[in-house]
Amino acid sequence: MTKVFVNIGLSLDGYMAPEGMTMSDPEHMNWGAKWGALMSWIVNTQHFRENLKFGPGGETGPVNDMVRHTMERTGANIMGKRMFDQGEVAWPEEAPFHTPVFVLTHERREPWVRPGGTTFFFVNDGPESALEQAREAAGGRDIRISGGADVIQQYLNLGAVDELEIALAPVMFGGGRRLFENLREPGPQFRIDTVLDGPAATHLRYVRQ
């Protein structure tokens, strides 16, 4: 059965992205260094390096296995326009998704096909429509809600998220995009499923009760 899951990095003070984050200026408000500290756990894994064609090498072990499993289980991604706009200027030509990606936006745009199996589809009629399209495209695999925070909040409010996977890094942002804002009451209930300790983050997996 297809699961809908969130898989993200989170700062110790609860932010998904640092304040002032814009790909054109990584020195602005020191966001580049903060983001690097948040995501250092994945950048050094063997599977991540292979996926982005960084060359051989990289760390193996349980965290690398987790990254590989996340990629293999994902049949479609959903993201917001803000995340897409940032990534469009930063991702390589062969974008690192290798699945259909459904972008929530008010902008009308034809599908954008990239090498390596990634096609971006631009959805103008809301999160429910994007989720329905993603289910059809996923081919029985799972759907990842990739971000940003406001999109994840929309799917949490819809009660659509089955699993939360959070890489909690020991870094303080002090401001930015919070993950758990704007949630309706009562919120969805989760239980702890697994905890994996890594050298640069603690990996927490929660499943719906």
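Just so it is clear, the values below take in all heavy atoms, side chains as well, and ignore hydrogens, waters and symmetry mates.
At a threshold of 4.5 Å between side-chain heavy atoms, the hydrophobic network of Ile, Leu, Val, Met, Phe, Trp and Tyr places Phe180 and Phe190 in one connected group. When hydrophobic clusters are built by joining Ile, Leu, Val, Met, Phe, Trp and Tyr residues whose side-chain heavy atoms come closer than 4.5 Å, directly or via intermediates, Leu131 is grouped together with Leu158. Put simply, Ile42 and Ile166 are part of two different groups of oily side chains (I, L, V, M, F, W, Y) that touch within less than 4.5 Å, one to the next. If you chain together hydrophobic residues whose side chains sit under 4.5 Å apart, Val151 and Leu183 fall into the same group.
Side-chain atoms of Thr105 come within 3.5 Å of backbone atoms of Glu107 as a donor-acceptor pair (strictly under, hydrogens ignored). Proximity of a side-chain donor or acceptor of Asp13 to a complementary backbone N or O of Phe173 within less than 3.5 Å is detected. A distance-only check finds no donor-acceptor pair linking the side chain of Arg114 to the backbone of Ala95 [under 3.5 Å]. Looking at Ser129, its side chain never comes within 3.5 Å of a backbone N or O of Gly126 through a donor-acceptor pair. Between the side chain of Arg178 and the backbone N or O of Met16 there is no donor-acceptor pair closer than 3.5 Å. At least one donor-acceptor pair under 3.5 Å links the side chain of Asn157 to the backbone N or O of Asn182.
Smallest separation of non-hydrogen atoms from Gly9 and Leu38: C-CD1, 4.0 Å. Contact between Ser146 and Asn77 at its shortest, heavy atoms only, is OG-OD1, 2.8 Å. Of all heavy-atom pairs spanning Leu10 and Leu179, the tightest one is CD1-CB, 3.8 Å. In terms of heavy-atom proximity, Pro127 sits nearest to Tyr155 at O-OH, 2.7 Å. The nearest pair of heavy atoms linking Thr118 to His98 is OG1-N, 2.7 Å. Nearest heavy-atom pair across Glu19 and Trp31 is O-CB, 3.9 Å.
Note: His203 NE2 to Glu165 CD = 10.5 Å, rounded to the nearest 0.5 Å. Note that CG of Leu164 and CD1 of Ile8 are 8.0 Å apart. Values are rounded to the nearest 0.5 Å. Taking CZ of Arg109 as the reference point, atom CZ of Phe121 lies at 12.5 Å (rounded to 0.5 Å). The distance from atom CZ of Phe5 to atom CZ of Arg205, rounded to the nearest 0.5 Å, is 9.5 Å. Atom CD1 of Ile152 and atom CD1 of Ile78 lie 11.0 Å apart (nearest 0.5 Å). Rounded to the nearest 0.5 Å, atoms CZ (Arg135) and CD (Gln133) are 13.0 Å apart.
One finds no salt bridge joining Lys3 and Asp142 here, because no Lys/Arg side-chain nitrogen approaches an Asp/Glu carboxylate oxygen to under 4.0 Å. Using a cut-off of 4.0 Å between Lys/Arg side-chain N and Asp/Glu carboxylate O, Arg208 and Asp162 are scored as not salt-bridged.
The hydrophobic cluster containing Met71, built from Ile/Leu/Val/Met/Phe/Trp/Tyr side-chain heavy atoms closer than 4.5 Å, comprises no other residue. Hydrophobic cluster membership for Phe84: Met79, Met83, Trp91, Phe97, Val101, Val103, Trp112, Phe120, Phe122 (Ile, Leu, Val, Met, Phe, Trp, Tyr linked by side-chain heavy atoms under 4.5 Å, directly or transitively).
Side chains of Asn124 and Arg108 form a contact here, defined as non-hydrogen atoms less than 4.5 Å apart. Contact of the Met66 side chain with the Leu196 side chain is registered, since non-hydrogen atoms from C-beta on lie closer than 4.5 Å. Counting heavy atoms from C-beta outward, Ile143 and Thr74 have side chains that stay 4.5 Å or more apart. Using a 4.5 Å cut-off on side-chain heavy atoms (C-beta onward), Leu12 and Leu168 make contact. Counting heavy atoms from C-beta on, the side chains of Trp35 and Met21 come closer than 4.5 Å.
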Item to complete: Kindly indicate, with the supporting measurements, whether the criterion side chain to side chain contact (heavy atoms under 4.5 Å, CB included) is fulfilled by Asp125 and Val123.
Response: CA-CA 6 Å; Asp125 48 354; Val123 181; 3.2 Å; yes

Discussion item. With side chain to side chain contact (heavy atoms under 4.5 Å, CB included) as the criterion, how do Val4 and Arg144 come out once you've worked through the C-alpha distance, each side chain's angles and the decisive distance to 0.1 Å?
Written reply: CA-CA 6 Å; Val4 178; Arg144 180 185 179 192; over 6 Å; no

Item to complete: Verify side chain to side chain contact (heavy atoms under 4.5 Å, CB included) between Ile192 and Leu204, making sure each step is shown before the conclusion.
Response: CA-CA 8 Å; Ile192 297 173; Leu204 308 167; over 6 Å; no

Item to complete: Run the numbers on Val67 and Trp41 for side chain to side chain contact (heavy atoms under 4.5 Å, CB included), then give the verdict.
Response: CA-CA 10 Å; Val67 173; Trp41 67 270; 3.8 Å; yes

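For Glu93, the CD atom is loosely surrounded, since the number of other residues' heavy atoms within 6.0 Å does not exceed 12. By the neighbour-count criterion of 12 heavy atoms within 6.0 Å, atom CD of Glu110 is sparsely surrounded, having that number or fewer from other residues, nucleotides or ligands. Taking a 6.0 Å sphere around CD of Glu88, one finds it holds more than 12 heavy atoms contributed by other residues, nucleotides or ligands.
Applying the side-chain hydrogen bond (donor to acceptor under 3.5 Å, both in side chains) test to pairs two or more places apart or on separate chains, those with a residue in residues 53-72 are His47-Arg68.
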